[in-house]
2 protein chains.
Amino acid sequence: MTPKMKMAATVEKTLKGLQTEVQSTNKMAISVDCVIFGFDENTLKVLLIRSDLKKYKGKWTLLGDLVKPDEDLDAAAYRVLKQRTGMKDVYLEQVKAFGEVDRHPAGRVVTVAYCSLINIQNHQLQILDNEIHWHSVDSLKDKELGFDHERIFDTCYRWLQKRVQEHPLGFNLLPKKFSLRELQNLYEAILSKKLDRRNFRKKFFSMDFLVDTGEEERDVPHRPGKLYKFDFEKYEKKKKVWAGIDF
Amino acid sequence: MTPKMKMAATVEKTLKGLQTEVQSTNKMAISVDCVIFGFDENTLKVLLIRSDLKKYKGKWTLLGDLVKPDEDLDAAAYRVLKQRTGMKDVYLEQVKAFGEVDRHPAGRVVTVAYCSLINIQNHQLQILDNEIHWHSVDSLKDKELGFDHERIFDTCYRWLQKRVQEHPLGFNLLPKKFSLRELQNLYEAILSKKLDRRNFRKKFFSMDFLVDTGEEERDVPHRPGKLYKFDFEKYEKKKKVWAGIDF
DNA sequence: AAATAATGTGTGTAATTTACACATTCTAAA
DNA sequence: TTTAGAATGTGTAAATTACACACATTATTT
């Protein structure tokens, strides 16, 4: 046995020891992973970072981090979001926990997936790390993500598709003022299907939380559409009436 | 530097490396808590155990346990269910993770809540621990649960109310063969509202996964109703057609 | 000035949900 | 044995909601 081999063996044993110790205390690492959606150029996008972990070197992964001992689960997700995008006060909601034993190559890590919707045009948004990039959701079909992030992403995307039909989340992806066409493009991108323009319009107006700003689109090569904004207060009132099943 | 020191340094370095990826200082306990529903005497019930923890001595709490290091999250929930009720092959689904820093008095414990639906009349069911009892869901309004289990229960109950209207889960709470009246009583108990008998019947028949067993109720003090069973195969086929958003 | 392209609006039809009543079958009591 | 009671089993009309669809308007560009 060469010294090198011996050392490797010791290292191996130490790692084993660490695992045993962790076992004895029943403690494990817990992380949050954020599926951060954005909407740009009529395309639904998701923010990914290139993994620096050996096993998944170069593969794209969700933005995540370990949860700190004195940090709420939600707070950890907010922290990741803030650190990575500079944004705060944005839509963020827990989707599901993923806890397979072997989901992480470096050891036992249970992760909690969050879904976030941000407005790409918001001036707050600044992505400092140049390993982080926007990817169109469509293009993910052809990409292999690191860890089990493909499954996590799929779960969150389907969750969003369902959720967006029951609650008005979409607005979080748009600028404060938006045209109905933009809103419809967004919904078509999320649901991945064409919608009837007239029925779409009717539906949203009947929900009665779109407010006409009096302004119109500018610099569009056609008749400009009216700009609306989402009235959160009205919505909150309605929500109570709806007896919303909401967790 | 002696070989031993060198080795130690390498071990140290390896651990550091590992820590950077999975910081051992960031580890914490993870538990599962099961909200186990049953249906008996036309009442929706939930299984609770009297806490033996000092702070919550005597208070009722959900059935839960720490997740073991070599155990999947789902497996841990199944284990709790099996150990406490003797039942296997039952409906169990993750609902949400709860991770407030101070939610557990004994230290940091992140818990993942599961919802389970079991048939109280199943012969498998055996509750050995005499600290475990069924409680009607209605009566929980007047009880103070230990930990944050009130919140967890509320979340799971609302989740169930919503879920049961989108997917046929209810059958898991009933015996294999059941009358439509029993089914309706169940739904009325879960949703906590009266339903129209004719429309209820129409709706379920139109979904086309109720099978007439040819048998009838026995020992009822009135005209006996037909007994039906739920056809899982038919349902599975339908589910695909529905393009079910299901995680 | 005309062509183009998108906005803005309304109506009829189909599908679904809701409300509602009466005859039937069994049990239990007279 | 008869009768009263109570729950099962079934159909239809009204109301609401979802869907399909067409044309006039307003701005831009040629």
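Every chain is numbered from 1 and lettered A, B, ... according to where its sequence line falls, protein lines coming before strand lines.
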Checklist entry - Reckon A:R181 touches a base, only the sugar-phosphate, or nothing at all at heavy-atom distances under 4.0 Å? => result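 Touches sugar-phosphate only.
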Atom-to-atom span, [atom1] of [X] to [atom2] of [N] - whole angstrom:
X	N	atom1	atom2	answer
B:R223	D:dA6	CZ	C1'	11 Å
B:E216	D:dT8	CD	P	12 Å
B:K193	C:dT17	NZ	P	13 Å
B:L183	D:dT8	CG	C1'	15 Å
A:D196	C:dT9	CG	P	15 Å
B:K194	C:dC20	NZ	P	16 Å
A:R218	D:dT28	CZ	P	10 Å
B:L195	C:dA19	CG	P	11 Å

Checklist entry - side chain to side chain donor-acceptor pair (under 3.5 Å) between A:K202 and A:S206: does it pass, once the steps are laid out? => result CA-CA 6 Å; A:K202 211 187 308 176; A:S206 74; over 6 Å; no
Checklist entry - Going through the distances and angles, do A:Q165 and A:Q161 end up as a side chain to side chain donor-acceptor pair (under 3.5 Å)? => result CA-CA 7 Å; A:Q165 298 191 64; A:Q161 287 185 315; over 6 Å; no
Checklist entry - Taking all non-hydrogen atoms of both residues, which atom of B:I152 and which atom of B:A113 are closest, and how far apart? => result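 Minimum heavy-atom contact is CG2-CB, 3.6 Å.
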Item to check | Non-hydrogen atoms of B:E100 and B:R151 that approach each other most closely | outcome: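 For B:E100 versus B:R151, the nearest heavy atoms are OE2-NH1, 2.7 Å.
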Item to check | Along DNA chain C (nearest heavy atom to each residue), the more 5'-positioned of A:N199 and A:P224 | outcome: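 The residue whose closest nucleotide sits nearer the 5' end is A:P224.
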Checklist entry - Start at the 5' end of DNA chain C and walk down; is the nucleotide closest to A:L180 or to B:P221 reached first? => result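 The residue whose closest nucleotide sits nearer the 5' end is A:L180.
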Item to check | Closest-nucleotide ordering on DNA chain D, the 5'-leading residue of A:H222 and A:K203 | outcome: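 The answer here is A:K203.
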Next on the checklist: At less than 4.0 Å, is any side-chain N or O atom of B:R198 found next to OP1 or OP2 of C:dC20? Yes or no.
Outcome noted: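 Negative; the distance criterion is not met.
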Next on the checklist: Is it the case that the ring center of A:Y114 lies less than 6.0 angstrom away from the ring center of A:Y91?
Outcome noted: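 Ring centroids of A:Y91 and A:Y114 are no less than 6.0 Å from each other.
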Item to check | Polar pair under 3.5 Å, donor/acceptor by atom type, side chain A:R197, base C:dA6 | outcome: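 Result: no qualifying N/O pair found.
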Next on the checklist: Any N or O donor-acceptor pair under 3.5 Å from the base of C:dT17 to the side chain of B:K202?
Outcome noted: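 Absent.
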